[in-house]
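Sequential numbering from 1 along the given sequence is applied to the chain's residues. Predicted model, so just to flag it, every value in this text is computed and none were measured.
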Amino acid sequence: MKPGDQRKPNVLLRHQRLVRGWSLQRVVDEICALSQPEGRIPGVSAAMVSCWEMGKKKPSPFYQERLCLIYGLTADQLGFMDAPVLPLPKLLSEIVRPFPVSDTLQHASLTQTAASVAKVMPIPFTGVVPRQQIQAIDLLTGETQHTPDEQLGAWLTLGANHLSMLLDAGWSPDNVLDSVRVVLQGVQGLPAVSRRKLVQLSGVASISGITLPTGSHVLEEERLRFTGELGNSIAAAFGCFHKGGSAQVLAIAQACLSITEQSRDILNPVTHAIFRSSIYSLLGLTLHLQEHYQQALYSHISANIAAQESGDSWRLIQSLISQAGAFQSLGKHAEAIQLLEASLSLIGDRVEEKYVRAKAHLLACWADSATAIGEYAMAQEKLSLSSTFVNLVPPNEEFDEASWLQIAGKCALMTNDYDSAIMRCETALVKLPQNAIFRQAITLIPLAIAYARKRERDKTLEIA
């Protein structure tokens with residue numbers, strides 16, 4: 001900044017961080033995670049991010065590009081362009097559109113590390129605010145005292161308006177209510193002072209000037225209760241994933257992540273890292289299902305970083321498996337095999353059921369990558385070894401005989417053995433639970449391709 005220049009804070013950049021509930025360090029972590037696959041180590045710090053937001057310095061093009069990626073916005077939307085950006089009305093525009101669901105789905109990759117997840121344009125502000133919302137805002141920001149029921153009614157009005165964005169994005173009322181139920185499970189365990197802090201940082205209260213009581217004392221009993229409730233909420237989010245509805249899962253997971261980040265001071269550091277790792281893994285799996293493989297990879301990298309912070313070797317192994325899956329989908333099979341080998345080394349000679357299951361999974365994935373690069377003998381060796389391990393464990397949605405059959409069918413398809421591919425995929429479908437929508441989908445795809453390659457048109461269309 002030249003001497004005499006007036007400092008102009010970058011309010012657009014700062015708002016995008018605050019509306020997600022991110023700390024300055026979180027932005028640093030996101031940039032580092034985004035740069036890791038390129039082998040570049042950015043020299044960014046929380047103090048540097050603060051300088052960008054305060055207008056003391058302007059990020060270089062290198063950092064501008066990464067900030068655009070993690071927030072999923074353009075340079076103009078983040079205040080990097082020299083041309084002035086006309087602001088929306090300070091209060092009403094943010095009450096109507098604090099953070100649209102379309103944007104939420106775009107940024108839900110956590111590391112939020114690539115271009116948009118969903119190609120949905122943000123809902124523009126029209127300048128028209130329903131009368132009920134104006135009354136609610138007036139009630140909450142006015143100096144006059146109101147009854148608790150009146151205040152709750154005002155918050156309910158505003159909350160219902162925010163949820164209507166989900167309806168605009170194509171959700172059904174049942175989807176909305178189910179998602180709110182999962183998220184509330186985590187929120188209800190928050191101590192009252194922390195809940196108020198979460199509301200302030202979520203956008204509505206801080207932008208509109210609504211003041212709420214503050215406090216920092218959290219009883220141990222409250223801490224334990226919240227930890228349990230948030231853990232249950234994250235587990236419920238995984239349950240939604242296995243039942244389908246990827247857009248819903250992305251929104252729920254992003255909400256759980258926001259609560260987790262805002263509760264860093266409440267949660268035990270190890271628990272905080274474990275929760276973050278779990279949520280990042282869920283987001284990575286969901287993005288993978290949507291075929292956003294690069295974003296999924298970044299999410300799994302973030303899960304890996306959090307797993308290292310937690311010191312949980314099992315979560316570390318799981319994150320490596322997921323990263324390998326993302327590399328496979330990106331066609332980077334050599335990188336995938338390296339991660340699979342690293343995971344097997346971490347497991348070693350452990351004989352607990354989950355580790356035996358993981359060995360079966362890792363070896364089957366190795367066979368998948370080996371087949372893709374034409375190492376068919378290696379693929380058959382790993383597939384056979386995987387089979388011996390999978391026979392030692394009971395059915396499980398993570399990896400079991402049905403999962404093995406699906407991968408074996410895919411390998412057969414890649415070697416033009418269409419009859420074997422059909423037999424293995426159809427057997428897998430018989431063994432899969434009826435509500436395992438995601439697993440059925442990834443099994444039906446190679447099955448349809450195998451029938452198409454055999455020129456059995458009617459069967460192909462039936463499966464499609």
Side-chain angles (χ1 to χ4, degrees), residues 1-35 40 42-127 162 165 200-209 254 258 261-262 295 298:
M1 181 178 296
K2 297 179 181 179
D5 284 356
Q6 184 179 2
R7 179 188 303 171
K8 294 182 180 179
N10 189 334
V11 294
L12 296 176
L13 182 61
R14 183 172 185 271
H15 173 66
Q16 290 303 324
R17 176 174 64 83
L18 293 180
V19 80
R20 290 165 175 77
W22 288 4
S23 65
L24 293 169
Q25 184 57 44
R26 171 66 186 278
V27 177
V28 173
D29 295 342
E30 297 288 338
I31 293 174
C32 291
L34 179 60
S35 304
R40 302 187 66 172
V44 65
S45 65
M48 185 182 297
V49 176
S50 178
C51 286
W52 296 339
E53 293 182 355
M54 294 174 67
K56 292 181 179 179
K57 294 182 179 179
K58 187 175 182 179
S60 67
F62 173 83
Y63 289 117
Q64 287 186 27
E65 178 185 8
R66 276 144 183 77
L67 288 166
C68 288
L69 288 174
I70 67 175
Y71 289 132
L73 298 173
T74 65
D76 181 48
Q77 291 171 318
L78 290 178
F80 298 148
M81 305 298 289
D82 294 330
V85 179
L86 297 177
L88 293 173
K90 180 180 179 182
L91 170 61
L92 299 185
S93 64
E94 299 301 340
I95 290 294
V96 174
R97 193 176 70 88
F99 192 39
V101 172
S102 57
D103 285 345
T104 303
L105 299 183
Q106 278 186 307
H107 304 92
S109 73
L110 321 183
T111 51
Q112 306 318 70
T113 50
S116 56
V117 171
K119 303 296 184 182
V120 183
M121 293 300 293
I123 300 171
F125 173 62
T126 62
H162 302 332
M165 297 295 183
Q200 286 177 313
L201 293 176
S202 66
V204 177
S206 60
I207 294 170
S208 66
Q254 185 65 35
S258 178
E261 290 297 346
Q262 295 303 332
Q295 295 96 318
Y298 292 140

Partners passing side chain to side chain donor-acceptor pair (under 3.5 Å) against Glu65 (at least two apart in sequence or in another chain): none
Contacts of type side chain to side chain donor-acceptor pair (under 3.5 Å), residue Thr74, not counting sequence neighbours: Gln77
Minimum side-chain heavy-atom gap Ile31-Val27 below 4.5 Å: yes
Distance check, rounded to the nearest 0.5 Å: [X] atom [atom1] versus [Y] atom [atom2]?
{"X": "Lys58", "Y": "Trp52", "atom1": "NZ", "atom2": "CH2", "result": "13.0 Å"}
{"X": "Trp22", "Y": "Gln16", "atom1": "CH2", "atom2": "CD", "result": "9.5 Å"}
{"X": "Gln25", "Y": "Ser50", "atom1": "CD", "atom2": "OG", "result": "12.5 Å"}
{"X": "Leu34", "Y": "Gln295", "atom1": "CG", "atom2": "CD", "result": "10.5 Å"}
{"X": "Cys68", "Y": "Leu13", "atom1": "SG", "atom2": "CG", "result": "9.5 Å"}
{"X": "Leu73", "Y": "Phe80", "atom1": "CG", "atom2": "CZ", "result": "9.5 Å"}

Residues that Arg17 engages under salt bridge (Lys or Arg N to Asp or Glu O under 4.0 Å), provided they are two or more places apart: Glu53
Donor-acceptor pair, side chain of Gln64 and main chain of Pro59, under 3.5 angstrom: yes
Shortest non-hydrogen contact between Cys32 and Val44, atoms and distance: SG-CG1, 4.3 Å
